[in-house]
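Okay, so here's the structure we're looking at.
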Amino acid sequence: MLAIFGICIFVFLLLSRLAYLQIYKNELYTTLSTKNAIDLVPIEPTRGLIYDRNGVLLAENVPVFSLDIIPLQVPDLQKTLIALEKIVDVSDSDLTQFKKQLKQHRRFDEIPLKLRLTEEEVARFTENQYRFPGVLIKARLMRHYPYGESFSHVLGYVGRINTQELAEIDQINYSASHYIGKLGIEKFYEEELHGNVGYEEVENDASGKPIRVLKNISGTPGKNLYLTIDSGLQFAAEKALVDHRGAIVAIQPQTGQVLAMVSQPAYDPNLFVEGISQKDYQELQQSEEKPLYDRALRGLYPLASTIKPYLALEGLQSGATTPEFAISDTGIFRLPNVSRPWHDWRRNGHGRVNLQTAVTVSCDVYFYQLAYKMGIQAIDSILRQFGYGTLTGIDLDGELPGIVASPASKLKFRGTRWFPGDTINSSIGQGDMQATPIQLASAVSTMATRGKRYVPYLLLGEQIPGKTYIKHTPTAIEPVKLKDNKYWDLVIEAMQNVVALPQGTAYTQFGRNYRYTIAAKTGTAALSKRRNPDEEDKQESMPEKLRDHHLFIAFAPVEDPKIAVAIITENSNNAIETARALIDYYLASQPDAAKPSLIQTLSLTPSPQAAR
């Protein structure tokens, strides 16, 4: 009887526990059961596309099949990898990249082993998929740059997320992403291009294999970006610069929009998307041509004689010279109590020279005297007003500020004091004077607009697919103001004569029969010390690496500037011809104002947000 009573109590307790779990705790355990059966699978957002100002596609997404592995579902990863190599072509580079990603991701993440499977590889794996639990073929979009080396330094590239980046990004938003912008526009506008992750609610069976998709939680695709770059002009610039090392930057003076930005030689960014091999990367890194080096943004070159128009403005502004004041240039300048002479680039000088003639013929002696009279502080002041020695603020990472030579900068970088001879060297853009091509282009744009200054920028506008296009607006900055606006006219007229008059330093190389007005200035960055001025004419007989760099800054048309350019050719005297080809192309290709551009047809909505 006692046993029966005990059994009854036990049954009662059991039923009470079941009732408690089934009724009172029903909601909790139903939820836990559902979570056990349903997974939230992140969906990578579609990366935004990149276009030029005319709608030419510069960066696209192409569909590929990849072979992915979910480590948690693979019984023996090493054996699986060995077996897979007999079915698909898995390279050493693929394995290296996979092992890197394996350390960075969770064991239940899908990690690509091989990208871009061929149709034959897809078919072979599909036949054998039953042998490989946790291995699947995934359809995904991969970044592709259709023009290869063109635009590489502007666009940059995307690459696999590394450990450092993984620690810095929003890991939830990148839970389905394996790539991130590394350089250029791809990096600077990564947030806009990436978008926001989506999810699928997937029902699994007891083994964890997906059965069906219950719900789709849409993410947000990345924004499509439209750049200020004119691809036609970019191609024309590359063609003009072919076989020469150097850089070209072209800017729209009235806005600061960068129309072309070329650094030669360049590299193919597609090599980096899948994961460049160590061999290929070393070849790029160790090349004497330095294709990975962005000369337009980071190249530091002497200003050379391109400095002279700015010094001419300061000379007029400060009263150190006048339009009428002239000197007799014999080809030699001497400082008081200094035995060493400074030579003009022309052995016997230029004879009687006033300010405008000095700019036109690039008379060194005139500017030696002007600099000695003004002093280095005045030179420092005018150059900084035009943006030298500071970052332009262009929407790319990695820009260098250059150097405006001064007593403070010499003490900082060289640890020595300033001498009067340093001022003389600075007056022709030599010594410690250094600038980047983007600074040169920005400064000559300011000259073109007679003092108006804008931050150079590359992002013309952006658009979430299917929504309104938002145009970015120029950012005006502190202008250059002169006491008398006629000073602008005097210096710009002298720059026009650089090309228009037979004695102008660009007259012969620029050529005739152009149908626009142009103001310009040449410059020569000497790489070896001259024994005498006549060695300027012996460049072709010298080893290429010892030949001078040549600079050319210009804007056109003078009365309504539409383009300003800065060109540097390393160890080559091709800058002027390059500029001619570039300006001819651009001014001839300007669209009819009555016809709307592609951008104007995108339902423009001006935004107060300026380009960054």
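Only this structure's heavy atoms are used, side chains among them; waters, hydrogens and symmetry mates stay out. One is the number of the first residue; the rest follow in order along the sequence.
Between the H178 side chain and the E110 main chain, a donor and an acceptor come within less than 3.5 Å of each other. At distances below 3.5 Å, at least one donor-acceptor pair connects side-chain atoms of Q439 with backbone N or O atoms of P401. D395 contributes no side-chain N or O that, together with a main-chain N or O of Y457, makes up a donor-acceptor pair within less than 3.5 Å. S152 places no side-chain N or O within donor-acceptor distance of the main-chain N or O of G148, the cut-off being under 3.5 Å. Put simply, the side chain of K114 gets close to the backbone of D89: a donor and an acceptor are under 3.5 Å apart. Remark: side-chain polar atoms of S287 are not paired, donor with acceptor, to backbone N or O of L284 under 3.5 angstrom. In this structure, the side chain of R298 engages the main chain of G398 through a donor-acceptor pair within 3.5 Å. Put simply, the side chain of N224 gets close to the backbone of L49: a donor and an acceptor are under 3.5 Å apart. Checked by atom type and distance alone, the side chain of H194 never pairs as donor or acceptor with a backbone atom of Y179 at under 3.5 Å. In this structure, the side chain of N270 engages the main chain of Y145 through a donor-acceptor pair within 3.5 Å.
With respect to E462, the salt bridge (charged side-chain N to carboxylate O under 4.0 Å, His left out) criterion is satisfied by exactly one of K471, K223, K467: K223. Exactly one of I568, I567, T569 qualifies for a side chain to side chain contact (heavy atoms under 4.5 Å, CB included) with I248. That residue is I567. Considering F151, Y293, Y281, F272 in turn, F272 is the only one that fulfils the ring pair (Phe, Tyr, Trp, His ring centres under 6.0 Å) rule with Y267. Screening V258, L460, L155 for a side chain to side chain contact (heavy atoms under 4.5 Å, CB included) involving L227 leaves a single residue, L155. The only option from E127, E120, E121 that meets the side chain to side chain donor-acceptor pair (under 3.5 Å) definition with R124 turns out to be E120.
Applying the 6.0 Å contact sphere to OH of Y199 captures more than 12 heavy atoms from other residues, nucleotides or ligands. The environment of E168 atom CD is dense: over 12 non-hydrogen atoms of other residues, nucleotides or ligands sit within 6.0 angstrom. In the displayed structure, D92 atom CG is contacted under 6.0 Å by at most 12 heavy atoms of other residues, nucleotides or ligands. Heavy-atom contacts from other residues, nucleotides or ligands closer than 6.0 Å to NZ of K187 number 12 or fewer.
Every ring-ring contact (aromatic ring centres under 6.0 Å, His included) that F386 has, sequence neighbours left out, goes to Y310. Partners of S231 under the side-chain hydrogen bond (donor to acceptor under 3.5 Å, both in side chains) rule, at least two apart in sequence or in another chain, are D52. A search for side-chain hydrogen bond (donor to acceptor under 3.5 Å, both in side chains) contacts involving D280 returns S277, not counting sequence neighbours.
Taking the six-membered ring for Trp, H549 and Y301 have ring centres closer than 6.0 Å.
Side chains of S150 and Q234: no donor on one and acceptor on the other come within 3.5 Å. A donor atom on one side chain and an acceptor atom on the other are not found under 3.5 Å apart for E238 and Y147.
R140 places a side-chain heavy atom less than 4.5 Å from the side chain of L115. With contacts defined as side-chain heavy-atom distances shorter than 4.5 Å, the pair V197/S177 does not qualify. Contact of the Q254 side chain with the T449 side chain is registered, since non-hydrogen atoms from C-beta on lie closer than 4.5 Å.
Taking the six-membered ring where tryptophan is involved, the planes of Y469 and Y226 are perpendicular, since the angle between them exceeds 60° and thus also 30°.
Separating the CG atom in L183 from the CG atom in L297 is a distance of 10.5 Å, to the nearest 0.5 Å. Rounding to the nearest 0.5 Å gives a distance of 14.0 Å between CG of L166 and CZ of R160. Distance check, rounded to the nearest 0.5 Å: OH of Y189 to CG of L225 gives 8.0 Å. For the atom pair CD of Q73 and OG1 of T80, the computed distance is 11.5 Å after rounding to the nearest 0.5 Å. Atom CG of L58 sits about 10.0 Å away from atom CD1 of I185, to the nearest 0.5 Å. The line from CG of L303 to CG of L551 is 8.0 Å long, rounded to the nearest 0.5 Å.
Electrostatic pairing of E190 and R47 counts as a salt bridge here, judged by a charged N lying under 4.0 Å from a carboxylate O. With salt bridges taken as basic N to acidic carboxylate O contacts below 4.0 Å, one links E289 and R245.
Nearest heavy-atom pair across A405 and D380 is O-OD2, 4.4 Å. Residues E399 and G393 approach most closely at OE1-N, 3.4 Å, considering heavy atoms.
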